[in-house]
Colleague: 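Quick one: the structure is below, and I'll ask about it shortly.
Each ligand, and each atom within it, is numbered from 1 in the order the structure gives.
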Amino acid sequence: MKDFKDKILFVTGGASGAGLGQAKVFSEAGCKVVIADVRQDALDQATAYFRERNAPVHAIKLDITDRAAYAAAADEVEEVFGSPPQLLFNTAGVNTFGPPEASTYEDYDWVMGVCLGGVVNGMVTFVPRMIKAGKGGYIATTASMGGFFGGPMTAPYSAAKAAVINLMESYHLSLGRYGIGVSVLCPASINSNIHHATDTRPAHLSNTGYLVDDLSVKTLQTIYESGMDPEDLARWLKKGIEDEQLYIIPYPEDKETLERHFKQIVDSVLPVEADPEGVRKRLEAWGKARDVAIEAAKENPDEPLQPGFGRPRPELDWVKPIEMPELSAEE
Ligand code: NAI
């Protein structure tokens, strides 16, 4: 996507840090911006910034883990701007750190609930609306460099971010046929307010195994203060969207670490000679499954040839089938 003029952008976490930077940069590019955030004070401040510039903005107080509220927010966008958004940025996130063995259920439920569950809610709420609107669009989710690696202090956060990267890979493969692009932004460090994230932790999930005190907050603040400016990061995001890049990683210092990590994984795969019979059987099974799909397609020659598993329910008439273009039922 290259033209952002008059596009509607819905950005979660849009009242602070990376999300606010995105709202500013894409507003300057011509978008009508909806900022959704759980913090009213931050929303008020952010809204004032756009109003001063006469830029179209709409603020919604939203906890992205609340599915009913999310659906209501989507309705509100359509009422205010007359259409579902063409741009969805899943940017809201929280963190809190400590050893995995100290982690409580509530540490997992809060961090994964916002960082993964909130993204899932964004996708389930908006993707069908965006497809039905038929205008194409773009979805960009902010994961983290931390999603590529486990860490001795980051288990719930890294797990959520890993899942989010993986989730965007799936949607990227699927939504192209509707003209909806998908990117995942993987920052290493942002000069944001995330060291105050525990202020938004709900009371019913307050039981934590981590020591959150002035020292932990101050240490995190020291790290984040040297992070990338949110507007600079948003400009990299914009370039990534213009270039339709799936992964957007504007942190050159991490290239070698990523290379080492993925090499370790690839080097762990057995060579074919270790199990030639197993390899033959598994590949043959895929061929057989393809034959089953071809046989089934002969009975319904007007329907597209699709893999037998993973078909949508037929009443979802806005979902396009996943076709097997390299085959025909006559083969
Ligand atoms: P931030 O704290 O400045 O902004 C996050 C915003 O999300 C806040 O305004 C907060 O109120 C909002 N939020 C939190 N929980 C929410 C909920 N349940 N519903 C709606 N809004 C909620 O933090 P930052 O750093 O700008 O975070 C943005 C994204 O960047 C997050 O996904 C974070 O994990 C990710 N990230 C941050 C890095 C950093 O160094 N700060 C590094 C890598 C990724």
Colleague: Should you measure from each heavy atom of Gly17, which atoms of ligand 1 turn up under 4.0 Å away?
Modeller: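 Ligand 1 atoms under the 4.0 Å threshold to Gly17: 3 (O), 26 (O).
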
Colleague: Please give me the minimum heavy-atom distance between Asp37 and Leu43, naming the atom from each residue.
Modeller: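 Closest pair (atom of Asp37, atom of Leu43, distance): O-CD1, 3.6 Å.
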
Colleague: Out of Val11, Asn90, Val94, who gets a non-hydrogen atom closest to atom 15 (N) of ligand 1?
Modeller: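 Result: the heavy atom closest to atom 15 (N) of ligand 1 is in Val94.
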
Colleague: Any idea which part of Met145 is under 4.0 Å from ligand 1, heavy-atom wise: side chain, backbone, both or neither?
Modeller: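 Looking at Met145 and ligand 1, no heavy atom falls under 4.0 Å.
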
Colleague: So which of Ala42, Ala36, Ala18 gets nearest to atom 26 (O) of ligand 1, if we judge by its closest heavy atom?
Modeller: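 Answer by nearest heavy atom: Ala18.
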
Colleague: Using a 6.0 Å distance limit plus a 45 degree cone around the ring axis, check whether Lys238 lies over the aromatic ring of Phe4.
Modeller: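 Judged by the rule, Lys238 and Phe4 form no cation-pi pair.
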
Colleague: Counting only nitrogen or oxygen atoms and a 3.5 angstrom limit, does Tyr224 reach ligand 1?
Modeller: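 The answer is no, given that Tyr224 and ligand 1 share no N or O pair closer than 3.5 Å.
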
Colleague: In this structure, are over 12 heavy atoms from other groups packed under 6.0 Å from Arg280 atom CZ?
Modeller: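 Result for CZ/Arg280: enclosed.
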
Colleague: For atom 30 (O) of ligand 1, what's the nearest protein heavy-atom neighbour? Residue, atom name and distance, please.
Modeller: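 Result for atom 30 (O) of ligand 1: Thr142 CG2, 3.4 Å.
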
Colleague: With a 6.0 Å cut-off on ring centres, are His261 and Phe149 close enough?
Modeller: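 Yes: the rings meet the under 6.0 Å criterion.
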
Colleague: Which of these, Gly118, Gly13, Ser16, has its nearest heavy atom closest to atom 1 (P) of ligand 1?
Modeller: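 Among Gly118, Gly13, Ser16, the closest heavy atom to atom 1 (P) of ligand 1 comes from Ser16.
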
Colleague: Is it the side chain, the backbone, both or neither of Cys115 that has a heavy atom closer than 4.0 Å to ligand 1?
Modeller: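 Contact part for Cys115 vs ligand 1: neither.
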
Colleague: Measure Ala188 to ligand 1 on non-hydrogen atoms and call it side chain, backbone, both or neither using the 4.0 Å cut-off.
Modeller: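 It is the backbone that gets close, since no side chain atom is under 4.0 Å.
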
Colleague: For the pair Asp267 and Arg260, find out whether any cationic side-chain nitrogen is under 4.0 Å from an anionic carboxylate oxygen.
Modeller: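 Not counted as a salt bridge, because no side-chain N and carboxylate O are separated by less than 4.0 Å.
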
Colleague: Could you measure the distance from the CD atom of Gln22 to the CD1 atom of Ile241? Nearest 0.5 Å is fine.
Modeller: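 Rounded to the nearest 0.5 Å, the CD-CD1 separation comes out at 8.0 Å.
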
Colleague: As an exercise, identify every atom of ligand 1 less than 4.0 angstrom from a heavy atom of Lys161.
Modeller: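 So the atoms of ligand 1 that pass are 31 (C), 32 (O), 33 (C), 34 (O).
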
Colleague: Quick check: closest heavy atoms across Pro312 and Gln306, and the distance to 0.1 Å?
Modeller: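 Smallest interatomic distance, heavy atoms only, reads CD-OE1, 4.3 Å.
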
Colleague: Return the residue, atom name and 0.1 Å-rounded distance of the protein heavy atom closest to atom 43 (C) of ligand 1.
Modeller: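 Here the closest protein heavy atom is Pro187 O, 3.3 Å.
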
Colleague: Would you check if Cys186 and Ile165 make a side-chain contact, meaning some heavy-atom pair closer than 4.5 Å?
Modeller: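 Yes. Closest side-chain heavy atoms under 4.5 Å.
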
Colleague: Determine whether more than 12 heavy atoms belonging to other residues, nucleotides or ligands lie under 6.0 Å from atom CD of Glu78.
Modeller: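 Counting neighbours around CD of Glu78, more than 12 heavy atoms of other residues, nucleotides or ligands fall under 6.0 Å, so yes.
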
Colleague: Should you measure from each heavy atom of Ser144, which atoms of ligand 1 turn up under 4.0 Å away?
Modeller: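 Every atom of ligand 1 under 4.0 Å from some heavy atom of Ser144: 43 (C), 44 (C).
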
Colleague: Quick one: does ligand 1 sit under 4.0 Å from the side chain of Leu62, the backbone, both or neither, non-hydrogen atoms only?
Modeller: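 It is the backbone that gets close, since no side chain atom is under 4.0 Å.
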
Colleague: With a 4.0 Å cut-off, would you call Glu284 and Lys288 a salt bridge?
Modeller: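 So Glu284 pairs with Lys288 through a salt bridge.
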
Colleague: Is ligand 1 under 4.0 Å from a heavy atom in the side chain of Val38, in the backbone, in both, or in neither?
Modeller: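 Both parts.
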
Colleague: Which pair of non-hydrogen atoms, one from Met145 and one from Leu258, has the smallest distance, and what is that distance?
Modeller: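 For Met145 versus Leu258, the nearest heavy atoms are SD-CD1, 4.0 Å.
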
Colleague: From the options Ala69, Gly14, Gly93, select the one whose nearest heavy atom is closest to atom 5 (C) of ligand 1.
Modeller: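 Residue with the shortest heavy-atom distance to the ligand atom: Gly93.
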
Colleague: Return the residue, atom name and 0.1 Å-rounded distance of the protein heavy atom closest to atom 10 (C) of ligand 1.
Modeller: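 Checking every protein heavy atom, the shortest distance to atom 10 (C) of ligand 1 gives Asp37 OD1, 3.4 Å.
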
Colleague: Could you check whether Phe89 and Phe26 have their ring centres less than 6.0 Å apart?
Modeller: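 That pair passes the under 6.0 Å test.
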
Colleague: Report the C-alpha separation of Ser16 and Asn193 in whole Å, then their side-chain angles, then the decisive distance to 0.1 Å, and conclude whether the side chain to side chain donor-acceptor pair (under 3.5 Å) test is met.
Modeller: CA-CA 7 Å; Ser16 171; Asn193 299 306; 2.9 Å; yes

Colleague: Could you tell me whether ligand 1 has any atom less than 4.0 Å away from a heavy atom of Thr91?
Modeller: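 Per 4.0 Å heavy-atom rule, Thr91 contacts ligand 1.
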
Colleague: Would you check whether Ala143 reaches within less than 4.0 Å of ligand 1, judged by its heavy atoms?
Modeller: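 So Ala143 counts as touching ligand 1.
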
Colleague: Under a 4.0 Å heavy-atom limit, does Val114 contact ligand 1 with its side chain, its backbone, both, or neither?
Modeller: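 The side chain, only.
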
Colleague: Less than 3.5 Å between some nitrogen or oxygen of Asn193 and one of ligand 1, yes or no?
Modeller: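 So ligand 1 has an N or O lying under 3.5 Å from an N or O of Asn193.
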
Colleague: Strictly under 4.0 Å, does any heavy atom of His196 approach an atom of ligand 1?
Modeller: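 In this structure, His196 fails to qualify as a contact of ligand 1 - no heavy atom is under 4.0 Å.
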
Colleague: Nearest protein heavy-atom contact for atom 19 (N) of ligand 1: which residue, which atom, what distance?
Modeller: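 Minimum-distance protein heavy atom for atom 19 (N) of ligand 1 reads Ile64 N, 3.0 Å.
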
Colleague: Counting only heavy atoms, tell me which of Ile190, Asp63, Leu43, Leu220 gets closest to atom 38 (C) of ligand 1.
Modeller: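 Looking at heavy atoms only, Ile190 sits closest to atom 38 (C) of ligand 1.
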
Colleague: Should the pair Arg51 and Tyr49 be classed as cation-pi, given the thresholds of under 6.0 Å to the six-membered ring centre and 45° from the axis?
Modeller: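 Output no; distance or angle outside limits.
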
Colleague: Closer than 4.0 angstrom: is that true for some heavy atom of Gly227 and an atom of ligand 1?
Modeller: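 No, Gly227 has no heavy atoms under 4.0 Å from ligand 1.
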
Colleague: For ligand 1, find out whether one of its N or O atoms is nearer than 3.5 Å to an N or O atom of Ser192.
Modeller: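 N/O-N/O distance under 3.5 Å: yes.
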
Colleague: Considering only heavy atoms, which of Tyr70, Tyr251, Tyr157 lies nearest to atom 36 (N) of ligand 1?
Modeller: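 Answer by nearest heavy atom: Tyr157.
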
Colleague: Give me the nearest non-hydrogen protein atom to atom 27 (O) of ligand 1 as residue plus atom name, then the distance to 0.1 Å.
Modeller: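 Answer, as residue, atom name and distance: Ile194 CD1, 3.9 Å.
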
Colleague: Would you confirm whether the ring centroid of Phe10 sits within less than 6.0 angstrom of the ring centroid of Phe126?
Modeller: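 Between Phe126 and Phe10, the centre distance is under 6.0 Å.
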
Colleague: Is there a polar contact between ligand 1 and Ala15, counting only N or O atoms under 3.5 Å apart?
Modeller: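 No; every N/O pair is 3.5 Å or more apart.
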
Colleague: Could you tell me whether Arg282 and Asp275 have a side-chain N and a carboxylate O separated by less than 4.0 Å?
Modeller: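 Answer for the salt bridge query: yes.
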
